[in-house]
Q: 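What follows is a single structure, and I will ask about it in a moment.
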2 protein chains.
Amino acid sequence: MRNRPIPEATVARLPIYLRALLEVAEGRGELTVSSEELAAMAGVNAAKVRKDLSYLGSYGTRGVGYDVEYLLYQITRELGLTQDWPAAIIGIGNLGRALASYKGFSERGFRISALFDVDEEVLGEQIGGLPIRHLDELKEAVVEEGISIGIIATPPMAAQEVAEKLVDAGVKSILNFAPSVVNVPPDVSVRKVDLSIELQILSFYQQRTQAIATAREANRRLAVQRKV
Amino acid sequence: MRNRPIPEATVARLPIYLRALLEVAEGRGELTVSSEELAAMAGVNAAKVRKDLSYLGSYGTRGVGYDVEYLLYQITRELGLTQDWPAAIIGIGNLGRALASYKGFSERGFRISALFDVDEEVLGEQIGGLPIRHLDELKEAVVEEGISIGIIATPPMAAQEVAEKLVDAGVKSILNFAPSVVNVPPDVSVRKVDLSIELQILSFYQQRTQAIATAREANRRLAVQRKV
DNA sequence: CGAAGTTTGTGATTGCGCTCACAAGCTTTA
DNA sequence: TAAAGCTTGTGAGCGCAATCACAAACTTCG
């Protein structure tokens, strides 16, 4: 199993296990944890946990479970979190500001190290000790400060252009909050977070259950009518 | 194909097609659009677009394409976006505030209609005309204002409790921004947006390509050494 | 009107991921 | 030391989603 490439679906779950393990480690100092417990904390089933972890290697002990500290280290290493990856935020509007001061990033070891915008109004303003710089300085900053992740929080129209500037500057990882599709070369990873798409998906399922409820209601009325 | 249930993966893409269609409709007034064009705009391949749309019904015309307005209407209807689904945000910190004033929601037809927190400091404060109310008023507000979507933007520890209060109040759709797993009854939909998990996933792939580059480098050195 | 060109809709195929189920290997108990 | 109990690691089977490939149905052109 080792040496086989780690499936994408598994990669996406590793951070969840990591969080669960941190919780175990910080709680009443249990030294080991079973796949069953991890599964409950991560909201998945135990077999999936075991299979996922088996891609990293055989880090568990049968009859015992997984050594919490050891597994923590292995996942951290596998995710590349032993190094730090400085990130830049481009587009310092509402969302960009919230991201700039979002504590979740620093808690998980990600450091926001530069902010960019093009609006004269906000240039020079400081957020959490970081000045907002002009987008034209992007390439320079990426090289000098070793920025490896670009976070796009611009309006949708600007997203593709910003993505291209990031790629041109050598950034290989992009997190896109703008509600638009960005195209990049195959050696660049893009992940997309689209807030209103999530609501639209919820709307679909909500509407569906509502439609079912309405249909049931209609049936009930018909049934009553027939009896009368 | 019609009447068969729409696959989850398709549902998740419908909002993307919707956005693309809106762009076409607002642009130079083209009346029809081909699966090829839609695919390019949505960043997927044409066959997938056609299969996805075929679940909604046969709304295209061979040799011509899809009628933009008609398809727009059908997707809107299928997603349940002809009705409005008032949403509440719980947890008005950095992120909650940004979400409260995020224009993307209103642009896509979602209305934030109530804000909740428990911090005395912020209660009563207004954001975009809405007062921040105490969480204890949640149930009451849900019933009175017909709130159908709950957006959790609290610290992780509070998320499960808030989710339970939402469920208790009758909310069936939850969007969770807190970095924690929430458990809800099977008739409630939860979608999760975890910002730092996205960065961790990017980190994995970044580290991987970096590791490959380093290995290549090492090989090159060895090759040179052998020659010498 | 017929042929060539477009574009959809969908059966067939392939691939990926999830779940099951159980042997292997550890601990505990007697 | 042997038996019972627990938990991992993984092959096998299954189902969903993606892709392929082509007939069907339309438009355009000569």
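Reminder, nothing fancy here: chain letters follow the sequence lines and each chain counts from 1. Being a predicted model, the structure only gives us computed values, none of them experimental.
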Q: Which pair of non-hydrogen atoms, one from B:Glu145 and one from B:Pro86, has the smallest distance, and what is that distance?
A: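 Residues B:Glu145 and B:Pro86, closest heavy atoms: O-CG, 3.9 Å.
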Q: Which of the following nucleotides, D:dT19, C:dC22, C:dC18, is nearest to the side chain of B:Asn45?
A: D:dT19
Q: Is A:Arg4 close enough to C:dC16 that one of its side-chain N or O atoms is under 4.0 Å from OP1 or OP2 there?
A: no
Q: Are side-chain N/O atoms of A:Gln74 and A:Glu78 paired as donor and acceptor at under 3.5 Å?
A: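 No, A:Glu78 and A:Gln74 have no side-chain donor paired with an acceptor closer than 3.5 Å.
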Q: Students often get this wrong, so: under 4.0 angstrom with heavy atoms, is A:Glu8 touching a base, only sugar-phosphate, or nothing?
A: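 Sugar-phosphate contact only - A:Glu8 comes under 4.0 Å of backbone atoms but never of a base.
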Q: Please compare A:Thr61 and A:Asp52 by the position of their nearest nucleotide in DNA chain C and report the one closer to 5'.
A: A:Asp52
Q: Check the distance between C:dT7's P and B:Leu38's CG and give it to me in whole angstrom.
A: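 Going from CG in B:Leu38 over to P in C:dT7 covers 13 Å.
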Q: Measure CD/A:Glu36 against C1'/C:dC20 and give the value in whole Å, please.
A: 14 Å
Q: Kindly say whether the aromatic ring centers of A:Tyr59 and A:Tyr66 come within a distance under 6.0 Å.
A: no
Q: Could you tell me the separation between the CG atom of B:Leu14 and the P atom of D:dA17, rounded to a whole number of Å?
A: 13 Å
Q: Got a donor-acceptor pair under 3.5 Å from the side chain of B:Arg62 to the base of C:dT7?
A: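 Counting by modelled atom types and ignoring angles, no donor-acceptor contact under 3.5 Å is found here.
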Q: Nearest nucleotide by nearest heavy atom, which residue falls closer to the 5' end of DNA chain C, A:Thr10 or A:Val64?
A: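 The 5'-side residue here is A:Thr10.
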Q: So, is B:Lys48 close to the D:dT19 phosphate, meaning a side-chain N or O under 4.0 Å from OP1 or OP2?
A: yes
Q: By nearest atom, which of the nucleotides C:dA21, D:dT19, C:dG9 is closest to the B:Tyr66 side chain?
A: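 For B:Tyr66, the side-chain atoms sit closest to C:dG9.
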Q: May I ask you to verify if any side-chain N or O of B:Ser34 is less than 4.0 angstrom from the OP1 or OP2 atom of C:dT7?
A: no
Q: B:Asp67 has an atom CG; how far is it from atom P of D:dC26, in whole Å?
A: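 Computing the B:Asp67:CG to D:dC26:P distance gives 15 Å.
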Q: With respect to the phosphate group of C:dA24, does any side-chain polar atom (N or O) of A:Arg50 fall under 4.0 Å of OP1 or OP2?
A: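 It does not, given that no N or O in the side chain of A:Arg50 lies less than 4.0 Å from OP1 or OP2 of C:dA24.
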Q: Closest to the B:Ser54 side chain: C:dC18, C:dT10, C:dA21?
A: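 Of all the options, the side chain of B:Ser54 is nearest to C:dT10.
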Q: Show the nearest heavy-atom pair for residues A:Ser148 and B:Gln206, with the distance to one decimal.
A: O-OE1, 3.3 Å
Q: Spell out, as yes or no, whether a donor-acceptor pair under 3.5 Å connects the side chain of A:Ser101 to the backbone of A:Arg97.
A: yes
Q: Please give, in whole Å, the distance from D:dG13 P to A:Lys51 NZ?
A: 13 Å
Q: In whole angstrom, what separates A:Tyr55's OH from D:dT8's P?
A: 17 Å
Q: Output the rounded distance in Å from OH (B:Tyr70) to C1' (C:dT8).
A: 15 Å
